[in-house]
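Atoms within each ligand, like the ligands themselves, are counted from 1 in listed order. What you see is a predicted model, and the numbers here were worked out from it, not measured in a lab.
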Amino acid sequence: MLDAGDFASAASSASTKLVHGGVRYLEQAVKRLNLEEYRMVQNALKERVYMLTNAPHLAHAAEFMVPIYSWSQAAYYRAGMKMYDWLSGKHSLFPSRYVSREETLHRMPGLRREGLRGAVAYSDGQFDDARYDMSLVKTFARARGEALNYARVTGFSRGTSGKLDAASVRDELAKEEFTVKARAFVNATGPASDAVREMASPGTAKRMRPSKGVHILFPLEAFPSEDALLVPRTEDGRLIFAVPWLGRLLVGTTDEEATPQTRMIVLREEAEYLFRQLNPYLSKPLGSEQIVSGLSGLRPLVAAGNGPDTKELIRDHEVESDMASGLISILGGKWTTHRLMAEDTIDAVQKAMGEPLSPCLTKQHVLAGAEGYAEDYWKQLRDGFCIEEGTAKHLAEKFGTEAERVLRLCEGRKEWKEPLVEGMPAIRAQAVFCIREEMAMTIEDVLARRIGIQFFDWRKAIEAAPIAADLLADELGWSEDEEAEAVKSYTAKIQDFLRELGLAGAG
Ligand SMILES: Cc1cc2nc3c(=O)[nH]c(=O)nc-3n(C[C@H](O)[C@H](O)[C@H](O)COP(=O)(O)OP(=O)(O)OC[C@H]3O[C@@H](n4cnc5c(N)ncnc54)[C@H](O)[C@@H]3O)c2cc1C
């Protein structure tokens with residue numbers, strides 16, 4: 001498995017973190033009588049349960065509330081959520097229900113009170129996308145797969161039969177080229193799928209219609225709740241979420257067709273769009289000065305031709321086998337259906353290689369870090385390693401039962417029990433573990449996808465950068481100049497994010 005960047009550095013760490021069938025997709029399927037979209041929702045509802053049970057330290061069920069301001073809305077959403085329950089069948093997490101005005105305000109005291117009748121609550125899942133991806137990579141490695149990050153496929157060569165037989169790969173860090181030979185090649189590059197299809201068969205018609213989506217994050221106190229809020233109607237006929245996530249409130253998302261000029265940064269007008277949709281539902285509107293961080297990503301949407309708006313495109317996946325080159329591309333899809341996408345792809349590979357289809361083993365396959373995990377596992381860490389409760393909980397939710405290996409690194413190095421940055425639960429041993437065991441190669445790999453500080457707080461990430469760089473330099477043998485350059489460019493990148501939104505700390 002070759003990834004041009006870091007694992008999960010593109011869309012897969014920029015999602016809304018929902019493990020869901022998709023209530024909006026169900027609504028669309030019913031309105032358009034679209035059987036394909038209906039099946040996609042049904043499959044995703046099944047996959048939701050596998051995702052939750054295979055890595056319970058990284059994914060859990062959550063309650064989502066749709067605030068109701070008129071009785072006709074109540075009837076509409078109640079009926080819709082009943083259908084969502086029904087479609088979930090035996091894979092239902094817990095049934096939807098009507099919540100009284102009093103209970104709604106008790107659970108979401110920051111909701112606008114005037115006219116509020118209550119809420120319709122339903123269940124879906126939530127997860128830590130970047131860590132889930134890391135856990136999949138490690139599980140793959142344990143099954144004797146080999147994974148490399150910063151390894152970009154730059155071209156293919158064909159054998160005498162005309163089929164691809166080798167890929168040229170560039171090590172993006174060492175700037176070296178090498179070749180990988182294989183009997184079959186799978187293109188699983190999300191929004192970049194067309195570029196790889198083009199490498200295999202020049203002139204191939206494009207299939208991808210990537211669309212940009214952003215999120216902004218706030219302190220949880222800005223809208224205190226343990227439940228997620230669903231805003232059921234936006235000005236462009238979609239819905240958005242305000243979800244408590246790892247100690248923050250995550251608000252998103254937007255949906256705009258991407259162009260070559262699209263900048264992968266949260267733009268001021270995108271933040272303003274989200275404020276316009278969410279604030280009418282809040283008693284105290286959120287303001288841009290409260291933003292602590294943000295995310296932006298490209299959805300790998302697949303479509304034939306120029307068809308409808310990206311908002312209307314079905315989030316289903318498709319496996320394409322190119323007869324001429326033999327390249328197998330997995331296009332479209334969403335996080336929730338990643339396992340099914342892999343199953344369908346491997347079936348296509350076996351078929352193309354003329355092999356019998358082997359039974360799929362991944363429906364119930366405990367992922368790395370989930371072995372022996374229980375909800376109160378963090379207590380073992382707190383008591384066994386004499387660490388603060390906050391650090392124990394943070395380590396358990398990021399590493400599952402691998403957290404003990406992180407803490408054992410401190411046995412000879414007491415200073416690695418120190419926080420990476422003051423006031424946050426992450427400790428230095430985590431960075432060392434991620435460099436040694438999880439192929440973290442840059443400051444951003446450590447602070448964003450492995451530990452999450454960058455998602456939690458941009459300014460804290462700037463503070464933590466010199467410490468992360470110091471640990472990377474020790475482990476990877478960087479020179480002083482390389483270390484200083486890494487801190488400078490990382491800080492400049494985060495300051496750009498802050499500057500775009502007019503936030504303090506942009507330098
Ligand atoms: C804003 C937003 C919100 C979303 N919310 C949800 C949600 O709540 N729930 C849900 O289920 N789904 C959600 N999704 C969808 C989901 O995140 C994506 O479908 C999924 O992450 C796509 O994964 P991917 O691996 O196909 O693409 P990506 O994560 O984009 O990864 C593509 C990878 O291909 C690599 N690559 C590109 N070119 C090459 C090359 N030449 N050689 C080697 N590697 C290459 C890149 O380095 C990259 O790592 C959301 C998506 C977005 C953008």
Side-chain angles (χ1 to χ4, degrees), residues 1-25 40-41 43-45 47-48 51 59 62 64 124-130 132-133 136-137 147-156 167-172 180 185-200 208 210-216 228 230 238-241 243 245 250-256 258 262 264 266 270 274 294-302 310 313 315-317 329-342 345 445 449:
M1 186 173 80
L2 304 162
D3 196 309
D6 186 26
F7 306 119
S9 57
S12 297
S13 58
S15 78
T16 313
K17 331 293 177 194
L18 304 181
V19 186
H20 66 158
V23 287
R24 183 168 80 90
Y25 311 136
M40 190 274 292
V41 177
N43 281 334
L45 286 168
E47 291 297 320
R48 182 177 73 164
M51 242 183 118
F64 290 69
D124 247 332
Q126 225 198 343
F127 76 126
D128 182 341
D129 50 6
Y132 209 102
D133 196 300
L136 286 168
V137 172
L148 266 188
N149 52 357
Y150 297 103
R152 178 181 297 277
V153 172
T154 54
F156 293 103
S168 311
V169 184
R170 186 171 63 227
D171 178 332
E172 296 281 21
V180 176
F185 288 88
V186 169
N187 168 20
T189 55
S193 298
D194 278 343
V196 177
R197 291 168 69 248
E198 173 71 22
M199 275 180 217
M208 303 307 294
S211 95
K212 182 184 175 192
V214 308
H215 295 87
I216 40 180
L230 183 155
R238 297 166 47 250
L239 48 80
I240 64 160
F241 292 93
V243 195
W245 183 69
L250 175 86
V251 175
T253 176
T254 54
D255 190 334
E256 281 303 324
T262 297
M264 292 320 290
V266 181
E270 291 168 329
L274 291 173
L295 303 166
S296 64
L298 289 181
R299 292 178 189 83
L301 303 181
V302 60
T310 54
L313 291 176
R315 269 57 173 166
D316 206 359
H317 65 270
S329 296
I330 168 73
L331 308 171
K334 50 187 210 156
W335 238 120
T336 309
T337 50
H338 73 277
R339 194 211 61 79
L340 181 63
M341 292 162 71
T345 308
D445 297 350
R449 293 167 288 278

Find the distance between CG (L301) and CG (D316) and round it off to the nearest 0.5 Å. 11.5 Å

Taking atom CH2 of W245 and atom CG of D129, what is their separation to the nearest 0.5 Å?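 Reported value, rounded in 0.5 Å steps: 6.0 Å.
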
May I have every N or O pair linking ligand 1 to the protein at under 3.5 Å, one per line with atom names and distance?
unit_1   : atom_1 : unit_2 : atom_2 : d
ligand 1 : 5 (N)  : T16    : N      : 3.0
ligand 1 : 5 (N)  : T16    : OG1    : 3.4
ligand 1 : 8 (O)  : T16    : N      : 3.4
ligand 1 : 8 (O)  : L18    : N      : 3.1
ligand 1 : 9 (N)  : L18    : O      : 2.8
ligand 1 : 11 (O) : W335   : N      : 3.1
ligand 1 : 11 (O) : T336   : N      : 2.8
ligand 1 : 11 (O) : T336   : OG1    : 2.7
ligand 1 : 12 (N) : W335   : N      : 3.2
ligand 1 : 19 (O) : G333   : O      : 3.3
ligand 1 : 21 (O) : S12    : N      : 3.4
ligand 1 : 21 (O) : S12    : OG     : 2.8
ligand 1 : 23 (O) : S12    : OG     : 3.1
ligand 1 : 29 (O) : A11    : N      : 3.4
ligand 1 : 29 (O) : S12    : N      : 2.9
ligand 1 : 29 (O) : S12    : OG     : 2.6
ligand 1 : 30 (O) : A11    : N      : 3.2
ligand 1 : 41 (N) : V153   : O      : 3.0
ligand 1 : 42 (N) : V153   : N      : 3.0
ligand 1 : 44 (N) : A4     : N      : 3.0
ligand 1 : 47 (O) : D3     : OD1    : 2.6
ligand 1 : 47 (O) : G5     : N      : 3.3
ligand 1 : 49 (O) : D3     : OD1    : 2.9
ligand 1 : 49 (O) : D3     : OD2    : 2.9

For N187 and S329, work out which heavy atoms get closest and say how close.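 Scanning both residues, the minimum pair turns out to be ND2-OG, 3.1 Å.
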
Minimum heavy-atom separation for S12 to D133, with atom names?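 In terms of heavy atoms, the two residues are closest at CB-OD2, 3.8 Å.
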
S211 and D255: side-chain donor and acceptor closer than 3.5 Å?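 Short answer, yes.
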
Using atom types as modelled and distance alone, determine if a side-chain donor or acceptor of T254 lies under 3.5 Å from a backbone N or O of V214. yes

